[in-house]
> 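Handing you this structure, nothing more for now.
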Amino acid sequence: MRRLFWLAMGITIGALVVRKLSAAAEKMTPAGIGASIAAGLRDVADAIGDFGADVRDAMSERELELRAGTGLDAPLPAPGDASLRRGAHSADS
């Protein structure tokens with residue numbers, strides 16, 4: 001019974017080692033290397049896209065802050081406003 005247990009254990013460990021070695025050998029083939037490079041490039045492209053989205057979000061938030069701070073979004077004065085008439089400042093002097 002003890003021999004049968006160790007035989008089964010040896011076969012199991014051997015099968016696992018062969019599977020790991022086969023997977024490692026597959027990664028070393030040109031197709032495996034190409035797949036690894038493609039996956040890496042996809043990850044880089046996703047990271048660049050996420051960074052661009054973050055930059056655009058921050059840029060729009062900052063633009064809103066600047067517009068609010070400078071009054072660019074304030075409503076335009078009415079056409080008959082006295083401060084807009086020509087010569088209003090020179091007439092006061």
Side-chain angles (χ1 to χ4, degrees):
M1 190 68 142
R2 185 180 273 179
R3 286 184 183 179
L4 185 60
F5 170 77
W6 288 113
L7 178 66
M9 181 68 79
I11 290 172
T12 303
I13 291 172
L16 291 173
V17 168
V18 167
R19 289 183 74 191
K20 289 285 187 180
L21 289 175
S22 296
E26 175 63 32
K27 288 181 182 179
M28 299 308 282
T29 63
I33 292 171
S36 296
I37 290 172
L41 289 175
R42 273 193 299 274
D43 291 344
V44 168
D46 290 343
I48 290 172
D50 291 344
F51 175 73
D54 291 344
V55 168
R56 283 189 296 275
D57 290 343
M59 185 174 56
S60 65
E61 285 179 23
R62 182 64 178 147
E63 182 179 0
L64 290 174
E65 291 173 3
L66 290 172
R67 285 183 170 276
T70 58
L72 289 176
D73 287 336
L76 293 174
D81 192 3
S83 64
L84 290 179
R85 284 186 282 159
R86 289 190 184 175
H89 293 290
S90 60
D92 293 338
S93 300

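Just so it is clear, the model here is predicted, and its values are computed rather than measured. Along the sequence shown, residues are numbered consecutively beginning with 1.
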> Rounded to the nearest 0.5 Å, what's the gap from NZ on K27 to CD1 on I33? Could you check?
12.0 Å
> Atom CD in E65, atom CD in E63: separation rounded to 0.5 Å?
11.0 Å
> Side-chain heavy atoms nearer than 4.5 Å, only ILVMFWY residues, links allowed to pass through others: does that put M9 and V17 together?
yes
> According to a 4.5 Å side-chain heavy-atom criterion applied to Ile, Leu, Val, Met, Phe, Trp and Tyr, with indirect links allowed, do I13 and W6 form part of one hydrophobic cluster?
yes
> About how many Å separate CD1 of I11 and CG of L16, when rounded to the nearest 0.5 Å?
12.0 Å
> Could you state the interatomic distance from OG1 (T12) to CG (L7), rounded to the nearest 0.5 Å?
9.0 Å
